[in-house]
Amino acid sequence: MSLLSLNNVKTNIDQYAVLHDVSFEVAEGGVFVLLGRNGAGKTTTLRSIMGLWKPSPGSIAFRGQDITGLHTADIARLGIAYVPENMGIFGTLTVDENLVLATAKGKIDSTRLKWVHGLFPALEKFRDKQAWSLSGGQKQMLSVARAIIEPRELILIDEPTKGLAPSIVEAMGEAFREIAENSTILLVEQNFNFARKLGRDMAVIDDGKVVHAGTMAEFAANQELQDKLLGLSM
Amino acid sequence: MEQVSKTFEKLGGVNLLPIILGAVAFVLIGAPSSWVTLTVAGLAMGMMVFLMASGLSLVFGLMDVLNFGHSAFVSFGAFIAATVLGGLSGWLASDSIALNAAALVAAYSAAILFGLVAGWFFETVIIRPVYRDHLRQILITMGAMIVAEQTILAFWGGTPYSVPRPHFLEGSWIIGDVSIEIYRGFAFLLGLAAFIGLYVLLNRTRIGLLIRAGVEDREMVESLGFRVDRMFIGVFMLGSALAALGGAMWAGYETLITPALGAEMMIIVFIVVIIGGLGSIEGTLLGALLVGLMSNYLGFLAPKMALASNMILMVAILLWRPNGLRPAVK
């Protein structure tokens with residue numbers, strides 16, 4: 001049984017149909033990459049999984065349980081974390097407060113915190129700073145750290161490398177590899193060079209439909225398919 | 001200019017504004033005794049307006065709800081407290097401070113209880129169906145405000161309603177040639193206690209952390225596993241109860257109230273919420289103190305300007321800081 005499965009998901013935003021027919025399955029463990037051009041429907045797919053936009057018709061199942069109609073908070077409590085494209089950090093709260101907020105009982109496990117600080121050392125240095133004062137890369141680290149401060153089965157991450165310096169992108173990649181040892185990551189990414197090093201399985205969305213699904217190794221080896229589906233040579 | 005701005009921020013930033021306003025007024029008024037009386041009156045008024053405005057600011061910030069019906073809680077709080085105080089007039093006239101205080105506690109408790117229950121009803125029945133639709137929010141909450149005003153008119157009549165004060169809050173403290181009305185001092189201290197309570201709730205508790213985060217990004221709080229809609233009912237009830245308490249205290253301050261009290265106060269309350277910065281309790285306090293002080297100083301220095309003073313203050317602050325003095329979101 002797959003960890004997450006989307007079946008014929010169609011999502012409308014106001015009067016616009018954004019997802020027409022999205023179906024794919026995410027197996028447990030590793031990184032699953034969702035690729036596609038700008039405006040193809042990748043972010044809408046993640047938001048639909050989180051219940052921030054309700055799919056109709058279509059269904060989304062997590063560990064076999066239908067989560068289509070559930071409230072976002074109930075979906076999160078099943079063990080799904082979300083790192084949005086805009087990072088969604090709370091600027092007036094401190095780094096530590098941002099992390100505490102992501103825990104179910106308001107207390108951070110010290111071993112876990114140590115691990116998170118190991119992945120993102122800047123967060124330990126600036127733990128009492130208000131989050132708005134962090135740099136773009138540090139904000140992204142905080143956003144990811146918040147998603148992993150407690151064990152989660154599935155982490156949805158939306159374009160985490162956008163606008164970041166190459167050194168931070170590399171550090172982020174290292175962190176994702178380590179996180180994926182114990183959790184499953186569903187990664188939306190436009191930076192194919194970054195995604196190809198991390199992904200095990202992948203799918204491509206175009207115009208609200210899944211147009212290709214398979215392994216990353218196969219897709220990375222097929223330049224013609226990349227050009228056709230992503231519209232550019234990488 | 002940048003250096004001046006940095007020094008200003010270092011010294012306390014916008015928190016200095018009430019002190020600067022007070023200092024300017026001290027020079028213009030000239031007479032220290034008049035200045036002290038006006039300052040205490042301004043601080044007391046500011047604290048009562050803060051109580052009325054704090055809930056509205058949180059509701060506005062947390063749920064993006066424009067609640068023009070907020071004034072109904074102020075009006076009902078005032079009339080319910082006045083009725084309880086009227087019913088306990090024997091206790092109020094007594095020389096016993098305990099009986100005086102008991103009457104006051106009963107009146108304020110009745111107002112707060114009403115605010116809690118009415119807040120729950122208002123949120124569940126009137127606000128919930130119009131989330132995310134500002135036009136409908138304005139229409140339906142203004143409609144509710146009119147219904148509330150007419151209900152007060154039906155129950156208490158249109159003539160000014162007299163509000164008895166407890167014996168121990170009558171009169172003034174005389175210090176040298178300075179006279180400070182006891183009720184104003186009491187209103188200031190009670191308002192200050194409410195602010196401290198709210199500050200601790202928002203800054204030292206987990207629910208406060210969630211409310212502050214919800215003001216910034218409601219969707220993200222829900223994505224972390226918390227039901228903001230359920231939290232909102234609690235915030236709405238708290239805000240309504242504070243507004244009712246503010247109304248009850250204002251009734252004792254004015255001693256004669258009419259059903260239009262809430263609607264009249266609403267203009268000031270909205271100005272305070274806007275200049276303070278949406279969703280910010282510290283900003284609301286700052287805005288309320290500035291409005292209270294400005295109103296009293298200008299009422300003394302240029303009475304004809306008093307009515308326009310709050311509008312002038314709002315325009316000046318928004319030109320300087322379009323998001324208010326201490327916006328909750330950065």
Side-chain angles (χ1 to χ4, degrees), chain A residues 14 43 46-53 70-108 129-134 139 142-143 145-150 152 154-158, chain B residues 6 9 13-14 57-58 61-64 128 131-134 199-234 276-284 286 321 323-330:
Chain A
D14 297 326
T43 296
L46 293 195
R47 289 177 63 84
S48 299
I49 295 167
M50 279 310 292
L52 293 165
W53 284 324
L70 291 186
H71 190 280
T72 299
D74 297 328
I75 292 170
R77 284 182 184 192
L78 288 174
I80 303 178
Y82 178 46
V83 180
E85 193 179 356
N86 68 0
M87 296 177 273
I89 62 150
F90 305 112
T92 56
L93 307 189
T94 64
V95 168
D96 270 4
E97 282 176 331
N98 267 275
L99 294 177
V100 167
L101 204 61
T103 60
K105 290 181 179 165
K107 209 169 177 194
I108 303 175
K129 271 203 159 195
Q130 282 190 307
W132 64 267
S133 65
L134 300 177
K139 282 178 185 166
L142 177 57
S143 189
R146 204 172 49 186
I148 58 168
I149 196 66
E150 284 192 340
R152 309 273 187 180
L154 176 64
I155 303 164
L156 314 179
I157 307 179
D158 197 354
Chain B
K6 271 185 184 169
E9 290 300 328
V14 291
S57 178
L58 282 179
L62 185 65
M63 299 301 279
D64 197 24
R128 200 170 293 179
Y131 275 152
R132 298 166 205 262
D133 187 341
H134 281 157
Y199 184 85
V200 170
L201 175 76
L202 288 173
N203 292 285
R204 297 280 181 271
T205 67
R206 180 156 169 79
I207 188 78
L209 196 62
L210 282 167
I211 292 171
R212 286 191 291 145
V215 168
E216 280 202 57
D217 190 340
R218 178 190 173 176
E219 223 172 52
M220 199 60 229
V221 174
E222 289 184 334
S223 299
L224 292 174
F226 301 98
R227 292 290 297 255
V228 175
D229 50 349
R230 287 177 191 161
M231 193 167 73
F232 178 57
I233 298 177
L278 298 179
S280 159
I281 286 299
E282 293 92 333
T284 305
L286 208 52
R321 294 201 171 199
N323 294 324
L325 292 171
R326 293 193 60 166
V329 181
K330 286 192 179 180

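Everything quoted here is computed from the prediction, not taken from an experiment. Per chain, numbering begins at 1; letters A, B, ... match sequence-line order. Basis for what follows: all heavy atoms, side chains included, without hydrogens, waters or symmetry-related copies.
- At distances below 3.5 Å, not a single donor-acceptor pair connects side-chain atoms of A:R152 with backbone N or O atoms of A:G79.
- Side-chain N/O atoms of B:E216 and A:T92 include a donor and acceptor closer than 3.5 Å.
- You'll find the side chain of B:S223 reaches within 4.5 Å of the side chain of A:L52, heavy atoms only.
- Within residues 200-210 of chain B, the residues having any heavy atom closer than 4.5 Å to a heavy atom of chain A are B:R206, B:L209, B:L210, listed by residue number.
- Annotation: cation-pi pair A:R146/A:F90 present, NZ/CZ under 6.0 Å from the ring centroid and within 45° of its normal.
- No side-chain heavy atom of A:T94 sits less than 4.5 Å from a side-chain heavy atom of A:K129.
- No hydrogens or angles considered: a donor-acceptor pair under 3.5 Å links the side chains of B:S57 and B:T284.
- Two residues are said to be in side-chain contact when any heavy atoms from C-beta on lie closer than 4.5 Å; B:R321 and B:V14 meet this criterion.
- Of the two parts of A:A131, neither the backbone nor the side chain holds a non-hydrogen atom closer than 4.5 Å to a non-hydrogen atom of chain B.
- Among the candidates A:T103, A:N86, A:N98, A:I80, the residue making the largest number of heavy-atom pairs closer than 4.5 Å to chain B is A:T103.
- Counting heavy atoms from C-beta outward, A:Y82 and A:R47 have side chains that approach closer than 4.5 Å.
- Using a 4.5 Å cut-off between heavy atoms, A:D74 touches chain B through its side chain atoms alone.
- If you measure heavy-atom distances from A:K105 to chain B, the contacts under 4.5 Å come from the backbone alone.
- For the pair A:E85 (side chain) and A:T43 (backbone), a donor-acceptor distance under 3.5 Å is absent.
- Neither the backbone nor the side chain of A:A81 has a heavy atom closer than 4.5 Å to any heavy atom of chain B.
- Two residues are said to be in side-chain contact when any heavy atoms from C-beta on lie closer than 4.5 Å; B:E222 and A:H71 meet this criterion.
- The candidate with the highest count of non-hydrogen atom pairs below 4.5 Å against chain A, out of B:V228, B:L224, B:D229, is B:L224.
- In this structure, the portions of B:V221 lying under 4.5 Å from any heavy atom of chain A include both its backbone and its side chain.
- Heavy atoms of A:I75 lying under 4.5 Å from chain B are absent altogether.
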